[in-house]
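Working notes, structure below.
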Amino acid sequence: MTLQFTVPDMACGACASTIEQAVKAIDPGAEFEADTTRKIVKISTMTPAAQMQQAIQKAGYNPQ
Ligand SMILES: [Cu+2]
């Protein structure tokens with residue numbers, strides 16, 4: 001499934017890669033796509049949305 005979050009505090013590529021690392025720590029096989037202009041991340045994974053959201057929060061961001 002593909003999860004999509006809006007992450008208003010994802011400002012640049014470094015933020016995106018921090019988030020990507022947090023995502024891949026949970027699911028190394030996840031496909032990750034970030035749009036820093038639109039503040040959107042798309043994650044292709046079998047991990048439940050709530051768990052992914054929590055991992056991104058722990059990395060210091062606020063996915064909605
Ligand atoms: Cu940044």
Side-chain angles (χ1 to χ4, degrees):
M1 88 193 125
T2 301
L3 308 177
Q4 183 170 320
F5 298 114
T6 302
V7 190
D9 44 7
M10 177 177 70
C12 68
C15 298
S17 80
T18 302
I19 294 170
E20 181 170 13
Q21 277 170 27
V23 165
K24 295 204 167 158
I26 300 273
D27 177 3
E31 274 178 50
F32 181 86
E33 206 182 305
D35 183 335
T36 53
T37 308
R38 292 164 65 218
K39 314 292 184 197
I40 288 169
V41 298
K42 285 184 190 169
I43 304 162
S44 194
T45 181
M46 294 306 286
T47 306
Q51 199 182 334
M52 243 348 146
Q53 201 165 2
Q54 209 170 39
I56 296 170
Q57 278 165 353
K58 277 189 191 157
Y61 296 92
N62 186 29
Q64 287 156 12

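Numbers here simply count residues along the sequence, with the first being 1.
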Minimum heavy-atom separation for [X] and [Y], please, with both atom names.
{"X": "Thr2", "Y": "Ser44", "answer": "OG1-OG, 4.1 Å"}
{"X": "Thr36", "Y": "Ala11", "answer": "CB-O, 4.3 Å"}
{"X": "Pro63", "Y": "Gln57", "answer": "CD-CG, 3.7 Å"}
{"X": "Val23", "Y": "Ala30", "answer": "CG1-CB, 3.9 Å"}

>> According to side-chain contact (heavy atoms from CB on, under 4.5 Å), who are the partners of Ala22, at least two apart in sequence or on a separate chain?
In response: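 For Ala22 the side-chain contact (heavy atoms from CB on, under 4.5 Å) partners, ignoring immediate neighbours, are Ala59.
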>> Glu33: which residues meet the side-chain contact (heavy atoms from CB on, under 4.5 Å) condition with it, sequence neighbours left out?
In response: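 Glu33 satisfies side-chain contact (heavy atoms from CB on, under 4.5 Å) with Lys42 only.
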Starting at [atom1] of [X], measure out to [atom2] of [Y] and round the result to the nearest 0.5 Å.
{"X": "Gln53", "Y": "Asn62", "atom1": "CD", "atom2": "CG", "value": "8.5 Å"}
{"X": "Met10", "Y": "Thr18", "atom1": "CE", "atom2": "OG1", "value": "11.0 Å"}
{"X": "Lys39", "Y": "Thr6", "atom1": "NZ", "atom2": "OG1", "value": "11.0 Å"}

> Using links of under 4.5 Å between side-chain heavy atoms of ILVMFWY residues, direct or through other members, which residues join Met46 in one cluster?
Replying inline: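 Noted: Met46 shares its cluster with no other residue.
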> Other than Ile40, what residues sit in its cluster of Ile, Leu, Val, Met, Phe, Trp and Tyr side chains whose heavy atoms are under 4.5 Å apart, directly or through others?
Replying inline: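 Joined to Ile40, directly or through intermediates: none.
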> Can you find a heavy atom in the side chain of Ile56 that is under 4.5 Å from one in the side chain of Ile43?
Replying inline: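 Yes, side chains in contact.
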>> List the residues meeting side chain to side chain donor-acceptor pair (under 3.5 Å) with Thr47, not counting sequence neighbours, and say none if there are none.
In response: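 With sequence neighbours excluded, Thr47 shows a side chain to side chain donor-acceptor pair (under 3.5 Å) to Thr45, given in chain and number order.
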> Pairs in or reaching into residues 7-16: which pass salt bridge (charged side-chain N to carboxylate O under 4.0 Å, His left out), with residues at least two apart or in two chains?
Replying inline: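 Qualifying pairs, neighbours excluded: none.
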